[in-house]
Amino acid sequence: MCGRFAVTTDPAVLAEKIQAIDERRAAQSSDAPNYNVAPTTTIATVVRRHDEPDDEPTRRVRLMRWGLVPPWAKARADGAPESKGPQLINARADKATTSPAFRSSAKSKRCLIPMDGYYEWRATPGAGKNARKTPFYMYREDGEPLFMAGLWSVWKPANDANPLLSCTIITTDAVGELAEIHDRMPLVVAERDWDRWLDPDEPPDLELLAGPPDVRGIRMREISTLVNNVRNNGPELLEPAEQQPEQVTLL
């Protein structure tokens, strides 16, 4: 799964780097680094959309709430979407095109979720269910952002307020050394596959969803348990834990 990650790249810089239109609204945007992104946080995503029906779709950076709200979700008395049930922060790759919560988005509302890296917790073998787990940070060796496959949705409140854009991160079976930390991981999308994945006029790439993720060049390291508390949010979260074993590179 993916329940927490880090983003330090300014979305405006990201948009320029990947040749995307920056569609963030200034009033909603925060360019400050976030070392402990948690569910319901507003994050930058990448989509491809049309200006006109017959033109070429272009990449756009848009803000969305992490935790997908299906279009059919009911509204509370205050106009916000109901929050009953689990938060849809992750969608399994093998169910993304068939699950009632995600299949509509999978058809034409696919996105990329950029991040510096993500956190995962390793359970201690033989320890009880409530035993403390060890946090790890996964990131690219070259310092470039990771781009994870995602789905997005538009939820329209009944009171004609602004639509809510929300997203979920697709997860798949972990491979290699990463599988020793957790059996699930976000689905990494290589740059060569970005536009195919984002194309609103084509169905989802089933081979990408079914295939193993490319983890070449991804590194991981044990970090401090400071990351366990979402109120902690600084670069110290990325620092190696004391007496940290040698870093591992996934080849």
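Heavy atoms only: backbone and side chains are in, while hydrogens, waters and symmetry mates are out.
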Please answer whether the main-chain N or O of [Y] pairs with a side-chain N or O of [X] as donor and acceptor at a distance below 3.5 Å.
{"X": "W155", "Y": "P163", "answer": "no"}
{"X": "D55", "Y": "D51", "answer": "yes"}
{"X": "R59", "Y": "I18", "answer": "yes"}
{"X": "S99", "Y": "A96", "answer": "no"}
{"X": "R4", "Y": "V227", "answer": "yes"}
{"X": "T168", "Y": "L151", "answer": "no"}
{"X": "W66", "Y": "I43", "answer": "no"}
{"X": "T45", "Y": "R62", "answer": "yes"}
{"X": "R24", "Y": "V61", "answer": "no"}
{"X": "S153", "Y": "V69", "answer": "yes"}

Taking CD in E82 as the centre, count heavy atoms belonging to other residues, nucleotides or ligands within less than 6.0 Å. Is the count above 12?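 Counting other residues, nucleotides and ligands, CD of E82 exceeds 12 neighbours.
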Counting only heavy atoms not in E16, do more than 12 fall under 6.0 Å of its CD?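 Counting other residues, nucleotides and ligands, CD of E16 stays at 12 neighbours or fewer.
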Distance, nearest 0.5 Å, that separates [atom1] of [X] from [atom2] of [Y]:
{"X": "R122", "Y": "E180", "atom1": "CZ", "atom2": "CD", "value": "8.0 Å"}
{"X": "E56", "Y": "H50", "atom1": "CD", "atom2": "NE2", "value": "7.5 Å"}
{"X": "K133", "Y": "N228", "atom1": "NZ", "atom2": "CG", "value": "10.5 Å"}
{"X": "I169", "Y": "I113", "atom1": "CD1", "atom2": "CD1", "value": "4.5 Å"}
{"X": "I170", "Y": "R184", "atom1": "CD1", "atom2": "CZ", "value": "10.5 Å"}
{"X": "N162", "Y": "K156", "atom1": "CG", "atom2": "NZ", "value": "12.0 Å"}

Any side-chain donor-acceptor pair under 3.5 Å between [X] and [Y]?
{"X": "D116", "Y": "T8", "result": "yes"}
{"X": "T58", "Y": "R60", "result": "yes"}
{"X": "N232", "Y": "N36", "result": "no"}

If the condition is side-chain hydrogen bond (donor to acceptor under 3.5 Å, both in side chains), which residues does K107 pass it with, not counting sequence neighbours?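 Partners of K107 under the side-chain hydrogen bond (donor to acceptor under 3.5 Å, both in side chains) test: none.
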Would you please name every residue forming a side-chain hydrogen bond (donor to acceptor under 3.5 Å, both in side chains) with D183, sequence neighbours left out?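 Applying side-chain hydrogen bond (donor to acceptor under 3.5 Å, both in side chains) to D183 gives none.
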Which atom names give the shortest non-hydrogen contact between [X] and [Y], and what distance separates them?
{"X": "R65", "Y": "T40", "value": "CG-O, 3.4 Å"}
{"X": "I89", "Y": "C2", "value": "CD1-O, 3.7 Å"}
{"X": "L146", "Y": "R140", "value": "CD2-CG, 3.4 Å"}
{"X": "P200", "Y": "R49", "value": "CB-NH1, 3.4 Å"}
{"X": "C167", "Y": "C111", "value": "CB-SG, 4.3 Å"}
{"X": "R221", "Y": "Y139", "value": "NH1-OH, 2.8 Å"}

Looking at F147 versus W194, is the centre-to-centre ring distance below 6.0 Å? yes
A side-chain contact here means heavy atoms from C-beta on lying under 4.5 Å apart; do [X] and [Y] qualify?
{"X": "W121", "Y": "P135", "result": "yes"}
{"X": "K109", "Y": "V154", "result": "yes"}
{"X": "N34", "Y": "F5", "result": "no"}
{"X": "V37", "Y": "M115", "result": "no"}
{"X": "I21", "Y": "E23", "result": "yes"}
{"X": "E120", "Y": "M138", "result": "yes"}

Short N-O contact, K17 and E144, less than 4.0 angstrom: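 Yes, charged N to carboxylate O under 4.0 Å.
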What do the steps show when you test L237 against Y137 for side chain to side chain contact (heavy atoms under 4.5 Å, CB included), and what is the final call? CA-CA 9 Å; L237 300 186; Y137 179 60; over 6 Å; no
Would you please test V188 and D214 for side chain to side chain contact (heavy atoms under 4.5 Å, CB included) and show each step? CA-CA 7 Å; V188 184; D214 184 354; 5.9 Å; no
Could you walk me through whether M148 and V189 pass the side chain to side chain contact (heavy atoms under 4.5 Å, CB included) check? CA-CA 6 Å; M148 307 306 190; V189 182; over 6 Å; no
Stepwise, does the side chain to side chain contact (heavy atoms under 4.5 Å, CB included) test hold for V215 with M185? CA-CA 10 Å; V215 298; M185 65 173 288; 3.8 Å; yes
